[in-house]
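The structure presented is a predicted model; accordingly, all values stated were derived computationally and were not measured.
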Number of protein chains: 2
Amino acid sequence: MIIFFIEVKDLPESWKDVFHRFNKKATSSRRAILEVFEEKGQHLSAEDVYEHLRAKKKKVGIATVYRNLDLLLRMGILRKVNFGDGREHYEMIRRAARFHHHLICTRCGQVVDCEEMTQEEEEFLQHLRKELEQRQGFVIHSYHIYFYGLCPRCR
Amino acid sequence: MIIFFIEVKDLPESWKDVFHRFNKKATSSRRAILEVFEEKGQHLSAEDVYEHLRAKKKKVGIATVYRNLDLLLRMGILRKVNFGDGREHYEMIRRAARFHHHLICTRCGQVVDCEEMTQEEEEFLQHLRKELEQRQGFVIHSYHIYFYGLCPRCR
DNA sequence: ACCTCAATGAAAAATATTATCATTTTCCAT
DNA sequence: ATGGAAAATGATAATATTTTTCATTGAGGT
Ligand SMILES: [Mn+2]
Ligand SMILES: [Mn+2]
Ligand SMILES: [Zn+2]
Ligand SMILES: [Zn+2]
């Protein structure tokens with residue numbers, strides 16, 4: 001019985017292994033931050049994360065939030081997105097979820113994820129990427145497309 | 001003779017007309033800022049512009065630089081680009097120059113313009129844009145592709 | 001259980017951007 | 001050209017965001 005209890009408690013936390021792989025400690029702050037992203041979704045600023053943590057009665061200093069957002073970024077767990085509102089936002093990169101772009105309303109700031117990508121689109125971007133790698137001598141790890149316009153309510 | 005002189009002096013300054021069209025005054029600060037972009041090229045931060053102005057002995061307050069970068073942005077003369085370095089950069093949108101994307105080295109921060117776009121690429125992006133407009137109900141005015149990776153020296 | 005060093009919190013500092021307001025400049029009507 | 005209204009500017013203060021500092025805490029290996 002006790003063994004069973006331990007198992008179900010530890011199983012969802014393969015984050016522990018991820019941190020270990022990076023020689024980083026799986027601290028409660030780090031887990032709590034990841035939990036916020038898993039529960040509260042995308043496009044969170046440092047302040048957003050900080051507020052969500054407070055709401056959950058998990059006290060984490062704002063400096064620690066910044067430090068760990070940067071760490072998770074370097075670990076490839078988060079990616080940084082910029083919507084031109086003067087602060088950085090982060091979202092989780094899930095292997096499960098499709099890669100996506102962003103559609104931004106330049107009037108009200110609304111952000112929409114563009115998830116569906118056709119096979120054709122996928123191929124095209126791979127092609128463009130290869131071409132750029134050759135032309136510029138870069139190794140390209142990722143890309144990000146932002147579309148700007150007016151949302152249904154603002155147009 | 002005099003008429004000729006006036007003509008060649010005023011001709012390059014159709015900026016005057018542009019400002020007039022927007023009911024904005026063609027002040028010396030604004031012209032000086034545009035001159036910096038014409039001479040010093042792309043990817044300038046507010047501070048960069050400010051420094052270039054000082055170097056040219058043209059004294060413009062930093063607040064005025066910020067105000068006018070924003071104005072030129074709204075007028076569609078500049079576009080804002082973000083390379084994840086904590087400050088906003090601006091570059092001129094020239095009808096003459098080709099639209100371009102950016103390739104960013106995530107280690108050293110180097111930024112490369114990707115200018116050449118094939119007919120195929122152009123068509124593809126128009127297609128994607130149309131599709132998104134339908135699907136999301138947005139009107140899309142522009143887009144921007146960022147590629148991230150390692151530059152030849154950092155790879 | 002102990003020990004070491006990474007991680008953290010609180011606060012100060014550094015950066016970047018925006019707001020305020022008195023003064024100056026532009027530009028339009030005379 | 002001159003005068004005047006209104007916009008634009010400069011200096012500075014204020015705000016917002018992110019980073020640094022450093023004493024204390026806690027994670028994880030032994
Ligand atoms: Mn997203
Ligand atoms: Mn560019
Ligand atoms: Zn909108
Ligand atoms: Zn590099």
Side-chain angles (χ1 to χ4, degrees), chain A residues 6 9-10 13-34 36 43-51 53-54 56-75 77-78 80-90 109, chain B residues 10 13 15-36 43-51 53-54 56-75 77-78 80-90 109:
Chain A
I6 289 168
K9 197 181 165 214
D10 277 345
E13 292 165 5
S14 86
W15 289 123
K16 200 175 208 167
D17 301 327
V18 181
F19 284 119
H20 191 261
R21 187 156 48 78
F22 278 84
N23 283 313
K24 297 291 170 186
K25 296 183 177 175
T27 65
S28 73
S29 305
R30 287 171 181 171
R31 294 192 205 199
I33 290 170
L34 285 169
V36 165
H43 310 165
L44 304 179
S45 67
E47 195 64 31
D48 290 339
V49 173
Y50 180 72
E51 290 303 338
L53 288 169
R54 309 201 93 212
K56 297 180 66 166
K57 311 289 183 212
K58 172 68 188 167
K59 226 178 171 219
V60 180
I62 188 71
T64 297
V65 172
Y66 275 103
R67 279 187 286 243
N68 283 322
L69 288 177
D70 187 58
L71 174 66
L72 294 170
L73 189 70
R74 291 190 327 262
M75 289 171 70
I77 292 167
L78 299 181
K80 186 150 72 167
V81 291
N82 184 290
F83 303 133
D85 63 345
R87 76 200 82 178
E88 303 288 354
H89 294 254
Y90 298 82
Chain B
D10 277 345
E13 291 166 5
W15 288 124
K16 200 174 207 166
D17 300 327
V18 181
F19 284 120
H20 191 262
R21 186 155 50 77
F22 278 85
N23 281 314
K24 297 291 170 186
K25 295 183 177 174
T27 65
S28 73
S29 305
R30 287 172 181 169
R31 294 190 204 199
I33 290 171
L34 285 168
E35 217 175 277
V36 166
H43 311 165
L44 304 179
S45 67
E47 195 64 29
D48 291 338
V49 173
Y50 180 72
E51 291 303 336
L53 288 169
R54 309 201 92 212
K56 297 180 66 166
K57 312 289 184 212
K58 172 67 187 168
K59 229 181 168 213
V60 179
I62 187 72
T64 297
V65 172
Y66 274 104
R67 277 187 289 242
N68 283 321
L69 288 177
D70 187 58
L71 174 67
L72 294 170
L73 189 72
R74 291 191 325 265
M75 288 170 70
I77 293 168
L78 299 181
K80 185 150 72 168
V81 292
N82 184 290
F83 303 133
D85 63 345
R87 76 200 83 178
E88 303 287 355
H89 294 254
Y90 297 82

Under the criterion side-chain hydrogen bond (donor to acceptor under 3.5 Å, both in side chains), I'd like the reasoning laid out for A:S28 against A:R31: C-alpha separation, chi angles, the key distance, then a yes or no. CA-CA 5 Å; A:S28 73; A:R31 294 192 205 199; over 6 Å; no

Write down the distance between CD1 (B:I33) and P (D:dG10), rounded to a whole number of angstrom. 9 Å

What integer distance in Å separates B:R67:CZ from C:dT18:C1'? 9 Å

Would you say a side-chain N or O of A:H89 is under 4.0 Å from OP1 or OP2 of D:dT17? no

With respect to B:L44, which candidate in B:L78, B:V81, B:L69, B:V49 satisfies the side chain to side chain contact (heavy atoms under 4.5 Å, CB included) definition? B:V49

Could you tell me how far apart A:F22 (CZ) and D:dG28 (P) are, to the nearest whole angstrom? 16 Å

Of all the nucleotides listed (C:dT26, D:dA11, D:dA27), which has the minimum atom distance to the side chain of A:K25? D:dA27

Whole angstrom value for the distance that separates C1' of D:dT18 from CD of A:E47: 11 Å

When you check the phosphate oxygens OP1 and OP2 of C:dC27, does a side-chain N or O of B:N23 lie under 4.0 Å from one of them? no

Rounded off to whole Å, could you give me the OH-to-P distance for the A:Y50 and D:dT18 pair? 15 Å

Would you call the rings of B:H89 and B:F83 parallel, tilted or perpendicular, where under 30° means parallel and over 60° means perpendicular? tilted

Would you mind reading off the distance between B:Y66 atom OH and C:dT20 atom P, rounded to a whole angstrom? 18 Å

Return the value, rounded to whole Å, for the distance between atom CG of A:L71 and atom C1' of C:dA7. 11 Å

Rounded to the nearest Å, what distance is computed from the CZ atom of residue B:R31 to the C1' atom of nucleotide C:dT25? 13 Å

